[in-house]
Amino acid sequence: MNPKNPMTELERIRHSAAHVLATAISRIWPDAQFAAGPPVENGFYYDVQLGHRISPEDFGRIEEEMGREIKANHVFERRVVSRAEAMEMATQGRLAALADRQEASRFKLDILTGIPEDEEISLYTNGEFIDLCAGPHVMRTGNIGAFKLTHVASAYYKGDERNPQLQRIYGTAFKKKAEMEAYFTMLEEAKRRDHRKLGREMDLFAFDDDVGPGLPLWLPNGTVLIEELEKLAKESEFAAGYQRVRTPHLARENMYLTSGHLPYYEESMFPPMELSDKNAEGGAGGVSDRYYLKAMNCPHHHKIFKAVPHSYRDLPLRLAEYGTCYRYEQSGELLGLMRVRSMQMNDAHIYCTPAQFEEEFMAVNEMYLKYFKIFGLKDYLMRFSTHDPARLGEKFVNDPEMWKQTEEMVRGVLQKSGINYVEVPNEAAFYGPKIDVQVWSAIGREFTIATNQVDFAVPARFGLVYKDRDNTEKTPLCIHRAPLGTHERFIGFLIEHYAGNFPLWLAPEQVRILPIGDEPELVEAASALRAELRGHGVRAEVDASSDKINGKVLRAEEAKVHTMLVLGRRDLEAGALSVRVHGKGNLGAKPRGEVVADLLASIRERRGNEA
RNA sequence: GCCAGUGUAGCUCAGGGGUAGAGCAACUGAUUCGUAAUCAGUAGGUCCCGGGUUCAAUUCCCGGCACUGGCUCCA
């Protein structure tokens, strides 16, 4: 830990709890080898190498040992040592241990060799346990008020796949027990809004082994969400001067060789479909052609650009498509809708001149902000990813001048629009800088929900040109943007964002009419109301079950139906409807015409739940 | 892909070497009820898949698959 970057009190508690965890593990398994044990967002962990496989069943006795260590209230003692002394101790197995051992403290030894010459080396001692550590810690082990081990996972040493896998024991710690209890309550709440759980409960989407992992099936309710988002996107894009195109889901190998995706991204693409042709060169049974499922839409759109000659008068040319892409994500990376293998992207490519770039890029950002406003999205982070000059020609296209130019343009746009952002070097795409919008899922994982990228390299590879004013051919810049990301991830996010309580315009079932009883006049009035609403495009149903009104209300609430219209004899006679809104309760009776007009206005204006 | 855990009805879960269990949902019938559960009945199972041990495996063992939690990755 960097002493120039002091930790908060909570971080010090958690960092100290990590040392106490290592102390406890050392007591039970003295041959344990420890790597790193830092505080993290919601707690702490310590990486350990151990013959015994630690399972949650072991947590009880580890926690017991930790409890004793805390009760003993040992002081965390800091001591600066010479490099030689530290190496000596590591060799004797004394670091991250209770005593000298047969084996050296091998990870600590490795960490020591990585510490720069001019940096101070410090040890922290709590009781008999000594660890190599820059600190800081709390004063005494007793300052750790409440702690709990949460799970065990595995992690590669130093995060490198080629290194050995260590067991990572996660825990959390707080100053006060009540704070910890509040934290676990919050976790339970978060689980309730997990899109995987809500997706099943609300019949939004499903996975099936025979279809394949990461390939979601959109059920009717989920498809409503998709269609509403597409309607929104198509309206906004039409208004912003985009043109719609459609492209196939696959293409021949050669296109991906041109784009550069093969062989660099072959691992992330589904393996090719190989065609054999008896007449082909190579003889019978030889492979005559390979087709790949598309992992991105850009090459297809570039080909559309190229299909007709373009003049500078055509630019900016904005080609939009909800394109379906397929990516062979590693099996362990799949996560509900947030990480899938088939995805429908809110994609568009804007071809423009450098002079037009700023205005176009800014218009895209404005489209983002407009969407975020509609969805009431406030908790996001704009991440501006730039290149690393040291990796030109390797990770990034070797064109320092274009990098400088485009990054300055993007930075300028961001500053001009007063958008809050963080700049992250070395995270750009290979073809240009980009802005990603980061959000967090209910279970705390971070995802890119939208992206806006500059591409100054690939159009040239495809030989895209336009005839400029001076009658010379020039290569356009390309802006690659997906403000609504993919349907899969965006809807996964929206489910959690709204906890399944969608605003009226998005709700799969917008209105449910609940007749009280089944007298013929009531049933008839309910059907007539449904027909009228459906005539206006409202997704309305009638609950014609034999449930009592209480039961009907319960079932509609459970299904998260947005608006319930209770229709009884009293309402029928008054020409009224009793309105009940999910989560808001009974709003009382209103004239029928007013109710319908309110519903239509809310849908048309895409009002949020609070409106 | 790697490490660990889990896999029983549509859902949530109990059980256990020898006819497979509950609640909710579904279906049938009765009920005519004014804002979060009306009553009764019926039906529903390859206990994830394959192999092994056993007189007998859903249960124990091995392998696979899927999911969960992480790690790695994420154009």
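In what follows, every chain begins at residue 1, and chains take the letters A, B, ... in the order their sequences are listed.
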So [X], base contact, sugar-phosphate only, or nothing? Heavy-atom distance under 4.0 Å.
X        : value
A:Tyr431 : sugar-phosphate
A:Ser268 : base
A:Asn586 : base
A:Ala429 : nothing
A:Glu519 : nothing
A:Thr448 : nothing

Please list, pair by pair, any protein nitrogen or oxygen found under 3.5 Å from a nitrogen or oxygen in nucleotides 37-45 of chain B.
residue : atom : partner  : partner atom : Å
B:rU38  : O4   : A:Ser546 : O            : 3.4

Side-chain donor/acceptor of A:Arg327 to base of B:rC74, under 3.5 Å: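 Side chain to base: no pair below 3.5 Å.
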Which atom of A:Leu149 lies closest to which atom of A:Glu63, heavy atoms considered: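 Nearest pair, atom of A:Leu149 first, then A:Glu63: N-OE2, 2.8 Å.
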A:His562 side-chain N/O to A:His582 backbone N/O, donor-acceptor pair under 3.5 Å: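 No, A:His562 side chain to A:His582 backbone: no donor-acceptor pair under 3.5 Å.
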Closest nucleotide among [options] to the [X] side chain:
X        : options                : value
A:Ile549 : B:rU35, B:rU32, B:rA75 : B:rU35
A:Glu557 : B:rU35, B:rU68, B:rA36 : B:rA36
A:His261 : B:rA75, B:rC67, B:rU35 : B:rA75
A:Arg569 : B:rG34, B:rA36, B:rG1  : B:rG34

Between [N] and [M], how many Å separate the two [atom1] atoms, rounded to a whole number?
N      : M      : atom1 : result
B:rU42 : B:rG69 : P     : 40 Å
B:rA9  : B:rG21 : C1'   : 10 Å
B:rC71 : B:rA25 : P     : 40 Å
B:rC2  : B:rC73 : C1'   : 12 Å
B:rU38 : B:rU32 : P     : 14 Å
B:rC24 : B:rC39 : P     : 9 Å
B:rG51 : B:rG45 : P     : 22 Å
B:rU6  : B:rC62 : P     : 13 Å

Counter-base of [N], judged by Watson-Crick or G-U geometry with both distances under 3.5 Å:
N      : answer
B:rC47 : none
B:rG41 : B:rC27
B:rA9  : none
B:rU19 : none
B:rU68 : B:rA4
B:rG34 : none
B:rA56 : none

Considering only NZ, NE, NH1 and NH2 on the basic side and carboxylate oxygens on the acidic side, decide whether [X] and [Y] come within less than 4.0 Å.
X        : Y        : result
A:Asp547 : A:Arg555 : yes
A:Arg193 : A:Glu496 : no
A:Arg14  : A:Glu11  : no
A:Glu509 : A:Lys560 : no
A:Arg192 : A:Asp194 : no

Polar atoms only, N or O, under 3.5 Å: list the protein pairs with nucleotides 2-10 of chain B and their distances.
residue : atom : partner  : partner atom : Å
B:rC2   : O2'  : A:Gln165 : OE1          : 2.3
B:rC2   : O2'  : A:Gln165 : NE2          : 3.1
B:rC2   : O2   : A:Gln165 : NE2          : 2.9
B:rC3   : O4'  : A:Gln165 : OE1          : 2.6

A:Trp403: side-chain hydrogen bond (donor to acceptor under 3.5 Å, both in side chains) partners, not counting sequence neighbours: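 If we apply the side-chain hydrogen bond (donor to acceptor under 3.5 Å, both in side chains) test to A:Trp403, skipping adjacent residues, there are no hits.
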side-chain contact (heavy atoms from CB on, under 4.5 Å) partner of A:Leu577, the single match among A:Val511, A:Asp571, A:Leu565, A:Leu572: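 The side-chain contact (heavy atoms from CB on, under 4.5 Å) with A:Leu577 is passed solely by A:Leu565 among A:Val511, A:Asp571, A:Leu565, A:Leu572.
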Any A:Arg200 side-chain nitrogen or oxygen under 4.0 Å from OP1 or OP2 of B:rU12: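 For A:Arg200, the contact criterion (side-chain N or O under 4.0 Å from OP1 or OP2 of B:rU12) is met.
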Glycosidic class, syn or anti, of B:rU12 using a 90° window around 0: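 In terms of base orientation relative to the sugar, B:rU12 is anti.
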[N] [atom2] sits how many Å from [X] [atom1], rounded?
X        : N      : atom1 : atom2 : result
A:Leu572 : B:rG34 : CG    : C1'   : 14 Å
A:His151 : B:rG70 : NE2   : P     : 5 Å
A:Phe207 : B:rC48 : CZ    : P     : 21 Å
A:Tyr328 : B:rC74 : OH    : P     : 17 Å
A:Arg192 : B:rC11 : CZ    : P     : 20 Å
A:Lys197 : B:rC67 : NZ    : P     : 19 Å
A:Leu567 : B:rU32 : CG    : C1'   : 14 Å

Listed partners of A:Ala526 passing side-chain contact (heavy atoms from CB on, under 4.5 Å), at least two apart: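 In terms of side-chain contact (heavy atoms from CB on, under 4.5 Å), with neighbours along the sequence ignored, A:Ala526 is linked to A:Ile513, A:Pro515, A:Val542, A:Leu567.
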Residue whose closest nucleotide on RNA chain B lies nearer the 5' end, A:Phe430 versus A:Glu201: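 Final value for this comparison: A:Glu201.
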Residue whose closest nucleotide on RNA chain B lies nearer the 5' end, A:Met564 versus A:Arg168: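 Nearer the 5' end of the strand: A:Met564.
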Test salt bridge (charged side-chain N to carboxylate O under 4.0 Å, His left out) applied to A:Glu446 - qualifying residues, sequence neighbours left out: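 Expected list: none.
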Geometric class of the A:His261/A:Phe430 ring pair [parallel <30°, tilted 30-60°, perpendicular >60°]: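 The arrangement is perpendicular - the two ring planes meet at more than 60°.
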Cut-off 3.5 Å, no hydrogens considered: what does the side-chain donor-acceptor table look like for residues 200-219 of chain A, sequence neighbours left out?
residue  : atom : partner  : partner atom : Å
A:Glu201 : OE2  : A:Lys197 : NZ           : 3.0
A:Asp208 : OD1  : A:Asp210 : N            : 2.7
A:Trp218 : NE1  : A:Glu488 : OE2          : 3.4

